[in-house]
Amino acid sequence: QVQLVESGGGLVQTGSSLRLSCAASGRTFDGYTMGWFRQAPGKEREFVAAITWSGGTIYYADAVKGRFTISRDTAKNTVYLQMNSLKPEDTAVYYCAAAAGRVLVRSRYQYNDWGQGTQVTVSS
């Protein structure tokens, strides 16, 4: 059974940085795609970034491109989201997700497993 546990959220000011972590367990993740999504109050859950477990392919939403960096450490079975130059509109609950194989990474329906989420709040 796949388990994803996010950490690293918090309350920060505009322009600050945070690094989110997603500890993955329960199986080997070779061939998987790992994604980060976020959901603000009253809004749909939206794609943020994704990375293939091999690390060969990375995707970003336009809203975070150039500010956020996704990476993974296969030895630690952990996926990271480095978030720089944070803005109030980045405020949301951030979720880690896992999908078997190469999928339409921007669609949340492609992901079978989800973490519980971690809150990120950016004050102006």
Side-chain angles (χ1 to χ4, degrees):
Q1 180 178 351
V2 173
Q3 187 173 19
L4 305 173
V5 180
E6 303 97 333
S7 61
L11 171 63
V12 296
Q13 293 185 331
T14 297
S16 299
S17 298
L18 279 176
R19 188 176 80 157
L20 306 183
S21 299
C22 171
S25 62
R27 62 158 296 131
T28 58
F29 291 91
D30 293 341
Y32 265 60
T33 298
M34 307 298 291
W36 285 98
F37 287 75
R38 66 187 182 185
Q39 188 167 17
K43 294 189 175 181
E44 295 282 322
R45 191 170 297 190
E46 65 175 6
F47 170 77
V48 175
I51 186 170
T52 55
W53 194 252
S54 66
T57 311
I58 289 174
Y59 309 83
Y60 293 103
D62 288 344
V64 306
K65 201 173 295 183
R67 300 188 298 123
F68 290 11
T69 302
I70 189 172
S71 63
R72 89 280 178 265
D73 184 331
T74 56
K76 295 182 178 180
N77 263 20
T78 301
V79 180
Y80 302 99
L81 185 68
Q82 177 67 43
M83 305 187 297
N84 298 328
S85 302
L86 283 162
K87 306 174 181 180
E89 50 263 45
D90 294 318
T91 295
V93 177
Y94 283 71
Y95 296 91
C96 177
R102 297 291 294 271
V103 298
L104 298 174
V105 298
R106 290 174 171 80
S107 171
R108 66 182 189 268
Y109 303 109
Q110 299 286 313
Y111 294 80
N112 298 316
D113 298 289
W114 293 83
Q116 81 290 348
T118 185
Q119 177 70 48
V120 172
T121 303
V122 185
S123 64
S124 57

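Hydrogens, waters and symmetry mates play no part in the numbers below; they use all other heavy atoms, side chains included.
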Exercise for the section: Output the distance between atom CZ (R72) and atom OG (S21), rounded to the nearest 0.5 Å. Expected result: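 One gets 14.5 Å once the value is rounded to the nearest 0.5 Å.
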Handout entry: From CD (Q39) to CD (E46), nearest 0.5 Å
Key =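 Interatomic distance, Q39 CD to E46 CD, rounded to 0.5 Å: 9.5 Å.
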In the single-linkage hydrophobic clustering (I, L, V, M, F, W, Y; side-chain heavy atoms under 4.5 Å), do [X] and [Y] co-cluster?
X   : Y   : result
V64 : Y80 : no
I51 : L20 : yes
I58 : Y32 : yes

Exercise for the section: Report the C-alpha separation of R67 and M83 in whole Å, then their side-chain angles, then the decisive distance to 0.1 Å, and conclude whether the side-chain contact (heavy atoms from CB on, under 4.5 Å) test is met. Expected result: CA-CA 6 Å; R67 300 188 298 123; M83 305 187 297; over 6 Å; no
Handout entry: Within-4.5 Å side-chain heavy-atom neighbours: Q119 and T91
Key =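 Q119 reaches T91 side chain to side chain.
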Practice task
Tell me, with the steps shown, if W53 and V79 meet side-chain contact (heavy atoms from CB on, under 4.5 Å).
Solution key: CA-CA 9 Å; W53 194 252; V79 180; 3.8 Å; yes
Under the 3.5 angstrom rule, does the side chain of [X] hit a backbone N or O of [Y] as a donor-acceptor pair?
X    : Y   : value
T118 : E6  : no
Y60  : I70 : yes
R106 : F47 : no
Y95  : G35 : no

Over all atoms of both residues, closest heavy-atom pair of [X] and [Y]:
X   : Y   : result
A50 : T33 : CB-CG2, 4.2 Å
F68 : V48 : CD2-CG1, 3.8 Å
A92 : A40 : CB-N, 3.8 Å

Problem - Result of checking Y59, Y94, Y109, W114 against F37 for ring-ring contact (aromatic ring centres under 6.0 Å, His included) - result: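 Of the listed options, the one satisfying the test is W114.
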Handout entry: Salt-bridge present (D90, K87; N to O < 4.0 Å)
Key =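 Salt bridge absent between D90 and K87.
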Exercise for the section: Could you pull out all residues at least two apart from A24 that satisfy side-chain contact (heavy atoms from CB on, under 4.5 Å)? Expected result: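 Residues passing side-chain contact (heavy atoms from CB on, under 4.5 Å) with A24: L4, F29, M34.
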Exercise for the section: Begin with the C-alpha distance, continue with both residues' side-chain angles, and end with the deciding distance and a verdict on side-chain contact (heavy atoms from CB on, under 4.5 Å) for E89 and V122. Expected result: CA-CA 8 Å; E89 50 263 45; V122 185; over 6 Å; no
Show me the donor-acceptor pairs within less than 3.5 Å that the side chains of residues 9-18 make with the rest of the protein, sequence neighbours left out.
residue, atom, partner, partner atom, Å
T14, OG1, S123, O, 2.8
S16, OG, Q13, O, 2.9
S17, OG, N84, OD1, 2.9

